[in-house]
Amino acid sequence: MRKIPYLLFLVAMLFVMEVNAQTASSRIEDIKIRLDNADEVPQLKNKVSFSVSNITLSEFLRGLGTSNKMNFDIDPALNNPIAVNFTNVTIEDLLIYLCDEYDMQVFINGSIISFVKYYEPVKTLPPPPPYLVNVQYDSLNQLLSFDLKDDTLISVIKKITTLTGLNLLAQQGLHYRILNGYVKGMPVEKALRELAYMNSMLFVIKDSTTFYLEDANSAKLANKEVNTSLPQGLKLTTNHIDSIISIQANNVAMKDVLASVAHELNIDYFVFSEIKGATDLKIENADFKTFLKYLFNATDYTFNYNHGVYLIGDRKLEQIRSSEVFPLKYRTVNKLVEQIPSDLKKGLEIIPLVELNSLVMAGSNPAVKELENFLRQIDKTVPVINIELFILDIRKSSSISTGIMAGIDNSKQTSTYASVFPSVDMTLSANTINNLIDGINGTGLVNLGKVTPGFYLSLKASEDNGNLKVKSTPRLATLNGNEAQMTIGETRYYAEQTTNVITTQSTTTVSGTVYKELQANFAVTIKPTVSADEQITMDISVEQSTFTEQFTKNGPYGRLTRSFKSSLRVGNNDMILLGGLDEKNTNDAGQGFPVLSRIPILKWLFSSRSSSYKNNKLAILIHPTVFY
């Protein structure tokens, strides 16, 4: 963690060096442009040759200007010695070289050229980035987290005090102690105790907003006293420097234990009601507040701290009761009181405020704080599950009816044609058949006899095909652990006749019609539960029913019902097949002349046949998605 600021500082240094190099190159380029544009000094294009040594730069420039009749203004600060040897070089290129080599700057005013000493502009380095202490504080839930690696105590104290608003003080000589430790999401007091323990320090609570950190080694050397004038069965060791006690009690009255500890630590307290009962306890290195928590745990007594005085008494007393309004951040207050364990609600009055989505808690201060801690743990984001159902219902059917029927029926004196195309369904009377026979006899090939007047012949040949595909995609959404229901249905009514006979002085018959309903529904019920790894466990119930034909004209309908019920687990955003039903029905029936109706080919002439085929498929798929 600490290497990062130094790396940033090194990058800044390299950046400054690069900027300086670019600045120097820009300065020489600027001088070259000035000399190129100096039209009033044509001598800059003259070529010279010379070899000099052991003279100053100002003397060389003075001689160069005199020999070429040029007006030079020379800064006396250009007194550094030079040694140069040039042949056939222009004065312009020579001056550019001297400016670059000897830190000289050139200014041109008309025909006058001024030479001055060039001083590098002062560059201020950016300050190294401040080192940030890795401390976070959740003000809503009052939880402290830190990840310390070789951090000083004074920097940690400043950061914690700034974030929490609590006063954290350190013993003289500890401010620059190096701290290490890691804590994630702990209450402030507990986190500071862990910090002190991990770095060989003692944590002391002065009051509700002030805490001390002391060196554990020096505290051991502090003056510890063992009070011998204590009740029998009570041993008490007191560290007067940091008000820390170690106590052991064996069947000692609680009021005597309280009085002894308060006297040794010089703490003010007030008792509202008599404290009854004895206690057995052993506590090491605890402050007075911690001692009271353990002493009154699971008893009818509690305490409250007010203006430097501890108020002690029965939990029901008004003076030591407290009330808090706890706003819920993620979940609703509805039915939340029912989900709180009965032990946590004991002795508390809890009122839900639906308008504010909050709970009002009134009772003893420790019980209220304990319930607040529980509510923070369960006040989490409740997942929303969106469930898509894919229901595929495919029905295929086909039927074939063929046959020839003949007989004698005097009622069928005329031919009937139900259909000729695309299917054949006709009945031929005796007259029509005799006309056909006459047509055949007229060919001279055969001579057929006539049929009797009541004879008839029925021909039937038809094929029916059906293909029905239904795709339903209902969607449901519900909160985690809550049941979602959806019902889509149709209601039909049928008539039911009723007859009542009323007998008084005369007999009266009363008839009536009652219409009763019959429903065919598609109903889905799903109850999902999401685990921490986003696995979804679902209790699923699916029922689909459809109407069939009526048994009588006004009678009830038949109803076909298919249902599915199961519990399963599926991953987030996965699809799974819940269940499927594949139903096949084949029927092949016939009626004809004995023996001949079973002979291939001949059976089509001497029988009436019908065959049907049905294939029904129902598949249900589910696709759940979790949202936060």
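These numbers come from the heavy atoms of this one structure, side chains and all, not from hydrogens, waters or symmetry mates.
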### Message
Using side-chain heavy atoms (C-beta onward) and a distance below 4.5 Å, is Lys276 in contact with Met254?
### Response
no
### Task
Tell me, yes or no, whether the heavy-atom count around Tyr330 atom OH, taken from other residues, nucleotides or ligands under 6.0 Å, exceeds 12.
no
### Task
Locate the shortest heavy-atom distance separating Gln377 from Lys380; write the atom from each residue and the value.
O-CE, 3.1 Å
#### Entry: Residue pair Ile160, Val156: steps toward the side-chain contact (heavy atoms from CB on, under 4.5 Å) verdict
CA-CA 6 Å; Ile160 293 177; Val156 175; 3.7 Å; yes
### Task
Go through the steps to decide whether Val116 and Met104 satisfy the test side-chain contact (heavy atoms from CB on, under 4.5 Å), and finish with yes or no.
CA-CA 6 Å; Val116 297; Met104 185 174 65; over 6 Å; no
### Query
Would you say Lys159's side chain and Val133's backbone share a donor-acceptor pair under 3.5 angstrom?
yes
### Message
Would you say CD of Gln232 has more than 12 non-hydrogen atoms from neighbouring residues, nucleotides or ligands within 6.0 angstrom?
### Response
no
### Within-4.5 Å side-chain heavy-atom neighbours: Ile536 and Val626
yes
### Summary
Tightest non-hydrogen contact, residues Pro352 and Leu359, listed as CA-CD2, 3.7 Å
### Query
With a cut-off of 6.0 Å (strictly less than), are more than 12 heavy atoms of other residues, nucleotides or ligands near CZ of Arg475?
no
### Message
Is it the case that the side chain of Asn480 and the backbone of Val530 share a donor-acceptor pair, with hydrogens and angles ignored and the cut-off at 3.5 Å?
### Response
yes
### Task
Using modelled atom types only, decide if a donor and an acceptor are shared between the side chain of Lys345 and the backbone of Val337 within a distance under 3.5 Å.
yes
### Query
Got a second to check how far Leu292's CG is from Asn297's CG, nearest 0.5 Å?
12.0 Å
### Message
For the backbone of Phe146 and the side chain of Asn134, can you confirm whether one donor and one acceptor N or O come within less than 3.5 Å of each other?
### Response
no
### Message
Within the 4.5 Å heavy-atom criterion, are Pro231 and Ser260 side-chain neighbours or not?
### Response
yes
### Query
Which pair of heavy atoms, one from Leu328 and one from Arg331, lies closest together, and at what distance?
CB-O, 3.4 Å
### Contact summary for Leu163 and Val135, nearest pair of heavy atoms
CD1-O, 3.5 Å
### Query
Any side-chain heavy-atom pair from Glu543 and Asn521 closer than 4.5 angstrom?
no
### Message
Is there a side-chain contact between Ile526 and Leu476 in this structure, where contact means two heavy atoms from C-beta onward sitting under 4.5 Å apart?
### Response
yes
### Task
Hey, can you tell me if Phe270 and Phe272 have their rings parallel, tilted or perpendicular (30° and 60° cut-offs)?
perpendicular
### Message
Suppose we call two aromatic rings close when their centres sit under 6.0 Å apart. Are Phe203 and Phe211 close by that rule?
### Response
yes
### Query
Are the side chains of Leu179 and Met201 in touch, meaning some heavy atoms are under 4.5 Å apart?
yes
### Task
Drop me the distance from Phe296's CZ to Ile312's CD1, to the nearest 0.5 angstrom.
4.5 Å
### Carboxylate-amine/guanidinium proximity below 4.0 Å for Glu194 and Lys190
no
### side-chain contact (heavy atoms from CB on, under 4.5 Å) assessment of Ile154 paired with Leu174
CA-CA 8 Å; Ile154 185 64; Leu174 293 182; over 6 Å; no
### Query
What do the steps show when you test Glu274 against Lys255 for side-chain contact (heavy atoms from CB on, under 4.5 Å), and what is the final call?
CA-CA 8 Å; Glu274 183 182 359; Lys255 63 178 182 179; 4.3 Å; yes
### Message
On a heavy-atom basis, which atom in Leu213 and which in Ala196 lie closest, and how many Å separate them?
### Response
CD2-CB, 3.9 Å
### Task
Could you check if a side-chain atom of Val261 sits within less than 4.5 angstrom of a side-chain atom of Ile247, using non-hydrogen atoms only?
yes
### Query
Quick one: does Arg177's side chain have a donor or acceptor within less than 3.5 Å of a partner on Asn199's backbone?
yes
### Summary
Correct closest heavy-atom pair for Arg27 and Cys99 would be NH2-O, 3.4 Å
### Query
Can you tell me how far CG of Asp539 sits from OG1 of Thr525, rounded to the nearest 0.5 angstrom?
10.5 Å
### Residue list, side chain to side chain donor-acceptor pair (under 3.5 Å) with Asn573, at least two apart or on another chain
His623, Thr625
#### Entry: Electrostatic pair Lys293:Asp287 at N-O distance under 4.0 angstrom
no
### Check: Tyr102 ring centroid to Tyr118 ring centroid under 6.0 Å
no
### Message
Counting C-beta onward and ignoring hydrogens, is there a side-chain heavy-atom pair between Leu144 and Val183 closer than 4.5 Å?
### Response
no
### Task
Could you tell me whether the side chain of Ser246 and the main chain of Asn285 form a donor-acceptor pair under 3.5 Å?
yes
### Task
Show the numbers, then the answer: is there a ring pair (Phe, Tyr, Trp, His ring centres under 6.0 Å) between Phe288 and Tyr310?
CA-CA 10 Å; Phe288 189 71; Tyr310 284 90; 4.9 Å; yes
### Phe374 atom CZ: more than 12 heavy-atom contacts under 6.0 Å
yes
### Task
Measure the CD1-CE distance between Ile488 and Met486 for me, rounded to the nearest 0.5 Å.
4.5 Å
### Query
Does the Asp75 side chain pair with the main chain of Lys117, one donor and one acceptor, at a distance under 3.5 Å?
yes
### Query
OG1 of Thr529 to CD1 of Ile385: how many Å apart, nearest 0.5 Å?
7.5 Å
### Task
Give a yes or no on whether Asn266 atom CG has more than 12 heavy-atom contacts from other residues, nucleotides or ligands under 6.0 Å away.
no
### Message
Under a 3.5 Å distance rule, please check whether Asn334 uses its side chain to pair with a backbone N or O of Thr332 as donor and acceptor.
### Response
no
### Query
Taking Thr161 for the side chain and Lys158 for the main chain, is one N or O donor matched with an acceptor at less than 3.5 Å?
no
### Query
Do Thr290 side-chain atoms and Ala286 backbone N/O form a donor-acceptor pair below 3.5 Å?
no
### Task
Measure the spacing between CG of Asn141 and CG of Asp379 and express it to the nearest 0.5 Å.
7.5 Å
